[in-house]
Amino acid sequence: MAVSGKHGSVKGGCSFGRAVNFSRKYHKGGLRVRNVATRLPETQVSPEKEGGNERKLAAWTSIRQERWEGELAVQGEIPLWLNGTYLRNGPGLWHIGDYNFRHLFDGYATLVRLHFQDGRLIAGHRQIQSEAYKAAIKNKKLCYREFSEVPKPDNFLSYVGELASLFSGASLTDNANTGVVRLGDGRVVCLTETIKGSIIIDPDTLETMGKFEYSDTLGGLIHSAHPIVTESEFWTLLPDLVKPGYLVVRMEPGSNERKVIGRVNCRGGPAPGWVHSFPVTEHYVVVPEMSLRYCAQNLLRAEPTPLYKFEWHPLSKAFMHVMCKASGKIVSSVYHLPYGYNFIYNNSVFFSNVTYFLKVASVEVPLYVTFHFINAYEEKDEDGRVTGIVADCCEHNADTTILDKLRLQNLRSFSGEDVLPDARVGRFTIPLDGSPYGKLEAALNPDEHGRGMDMCSINPDYLGKTYRYAYACGAQRPCNFPNTLTKLDLVEKKAKNWFDEGAVPSEPLFVARPGATEEDDGVVISMVSDKNGEGYALLLDGRTFEEIARGKFPYGLPYGLHGCWVPKK
Ligand SMILES: CC(=O)/C=C/C=C(C)/C=C/C1=C(C)CCCC1(C)C
Ligand SMILES: CC(/C=C/C=O)=C\C=C\C=O
Ligand SMILES: [Fe+2]
């Protein structure tokens, strides 16, 4: 299979780095394609030496050039209804010159784009021009604090200026390498866990447009990497490391102002639990309090600890808090609140300004470790009253070692030994009747998906509602990283797995067919790094989970984390 377009020698328009390959416009069947390739700046071209990976998986190798765009030849048939753009973000550049980063999450953000139009597929990638990336290129050294990397004092002190920057957050990265979301107003924002790492991009050109500036005065340095975003809602959590707790905030489409809907005080531990993600139901925001907690000392340390910026506090226990979206209130039982009723909970005084039933809860749950919640929904009795909440996540059997397994050296040195820790679909059941405990069980037998489980998506129409299907990465063992795509049927408790030996697929994203009435009527998009060091975009049928099309990239792309769908305008 060939990639259309030839490499020429016209200069591209990148602000730095030599534009070496080609920049060519052509018009084919009404679709304008701009073939562009730009090499990375010279400081970036030396390959990572760490790990000695025999298989040369592109997944764990830095992107080979700053940007590229071109049409992919397609094997199979892309459904004609699939019109729009799939965007995927992730850490794609893991070295500065010959200095190699340690951890998967440290890499500078690479955005990849698959544009589907009338059965054709145009692909492209481009580095996000964060301050952290630009400073590293300019100064040929790390200038900001990444997930595990910390600049040498002389680097960042000379770059940023003063020690106080450590406390003000000035030395924190804005490397938006985790996800990409399309807001209800159409703006597309790349995100990471630092608030300053919220960057607006153009989904057509992948150009960095500028910072997403929050116009409120909430301050803070970190937030959840995974806000909940729909056409009308944007929810996120702001952990409070000073007075351990979380602010639950909401932002309206068209606005840059987050409004505080409520606050949850932590029930255990010296600091809030890590909230990489959280789930919502139709009426509630679920705030997880994991015993893997942020650690202020580790935030300031120069050398990484086994749990990086976090600490495991099993004695502090784990909790799930449920907050009413409308009222922002958390209580431990069901109350009927008349207008003007004051009550005290968690050392705070609450005032009811409307008459309603509060059905919210804060329960202790078994210890767990998760990056990603999958979905949540409300359970009701025959009279339609909400009796409990079910929340599903990719759960790593309360084993924090998964974080260290994601070190690049581990990912690059697969020797055939099975080293991926077991994971499952962890299903929390949270009672809303005042009971103090919630349950955590596997939603299906983890052997169904090879006891690997992460990077999941659902049909977005089912967000917060009773649902049946989820799409994720599972495992065919032996492996050191999830290596299958798996369709989970949470009703039949079965999984259907897709596997390409030696390959690493990235998070499957479900796109519903317009007019579909069945939950799984649509396609699943993924990008795969194959064992030959190459890679391809993959389309699976949502129902059968069989391959319907693939398009080979001109060269293998690094692993990516999370994506979104931007429908045709
Ligand atoms: C890629 C991914 O899944 C997670 C990325 C997390 C990052 C980049 C976290 C960064 C952080 C800092 C740079 C300092 C403050 C703490 C913390 C949020 C861990
Ligand atoms: C790659 C990953 C988490 C990414 C965070 O956004 C987790 C992989 C877990 C393996 O089982
Ligand atoms: Fe994530």
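Counting convention: from 1, in listed order, for ligands and their atoms alike.
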message: Measuring centre to centre across the rings, with the benzene-like ring taken for any Trp, is Y462 within less than 6.0 Å of Y467?
response: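 Distance test on ring centres: not under 6.0 Å, no.
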task: Answer yes or no: is there a side-chain heavy-atom contact under 4.5 Å between F510 and Y469?
output: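 Heavy-atom side-chain distance check fails, nothing below 4.5 Å.
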N-O pairing of [X] and [Y] below 4.0 Å:
X	Y	answer
R424	E448	no
R102	E149	yes
R126	D202	no
R451	D447	yes

field: Heavy-atom proximity to atom 4 (C) of ligand 1, best of F105, Y144, F371
entry: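 Ranked by closest heavy atom to atom 4 (C) of ligand 1, first place is F105.
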- prompt: To which of T178, N298, L299 does the heavy atom nearest atom 1 (C) of ligand 1 belong?
  reply: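 Looking at heavy atoms only, T178 sits closest to atom 1 (C) of ligand 1.
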query: By atom name, which N, O or S atom of H372 is the nearest to the Fe ion (ligand 3)?
result: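 Looking at H372, the N, O or S atom with the least distance to the Fe ion (ligand 3) is NE2.
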Among all protein heavy atoms, pick out the one at the shortest distance from [atom]; state its residue, atom name and that distance to 0.1 Å.
atom	result
atom 1 (C) of ligand 2	M455 SD, 3.9 Å
atom 14 (C) of ligand 1	L172 CD2, 3.4 Å
atom 9 (C) of ligand 1	F147 CD1, 3.7 Å
atom 8 (C) of ligand 1	T192 OG1, 3.3 Å
atom 11 (C) of ligand 1	T194 CG2, 4.5 Å
atom 17 (C) of ligand 1	K309 CG, 4.4 Å

I need the atoms of ligand 2 closer than 4.0 Å to a non-hydrogen atom of [X], numbered in the order shown.
X	result
H372	3 (C), 4 (C), 5 (C), 6 (O)
P482	10 (C), 11 (O)
H276	5 (C), 6 (O)
F105	3 (C), 4 (C), 5 (C)

For the backbone of [Y] and the side chain of [X], can you confirm whether one donor and one acceptor N or O come within less than 3.5 Å of each other?
X	Y	result
W60	Y559	no
N89	L561	no
Q476	T484	no

message: For ligand 2, which is the ligand I care about here, please tell me if T178 has any N or O atom under 3.5 Å from one of the ligand's N or O atoms.
response: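 By distance alone, the answer is no.
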message: Regarding ligand 2, does Y559 bring an N or O atom to under 3.5 Å of one of the ligand's N or O atoms?
response: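 No.
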query: Could a heavy atom of F310 be found less than 4.0 Å from some atom of ligand 1?
result: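 Contact check F310 vs ligand 1: positive.
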- prompt: Judged by non-hydrogen atoms, does H562 sit under 4.0 Å from ligand 2?
  reply: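 Checking ligand 2 against H562, which is what was asked, there is a heavy-atom contact under 4.0 Å.
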- request: Decide whether the shortest distance between a heavy atom of G452 and an atom of ligand 2 is less than 4.0 Å.
  value: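 G452 does not count as a contact of ligand 2 under the 4.0 Å cut-off.
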task: Specify side chain, backbone, both or neither for L561, according to which of its non-hydrogen atoms lie closer than 4.0 Å to ligand 1.
output: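 The answer is the side chain of L561.
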- prompt: Which bit of E146 is near ligand 1, meaning a heavy atom under 4.0 Å away: side chain, backbone, both or neither?
  reply: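 E146 to ligand 1: backbone contact only, side chain stays beyond 4.0 Å.
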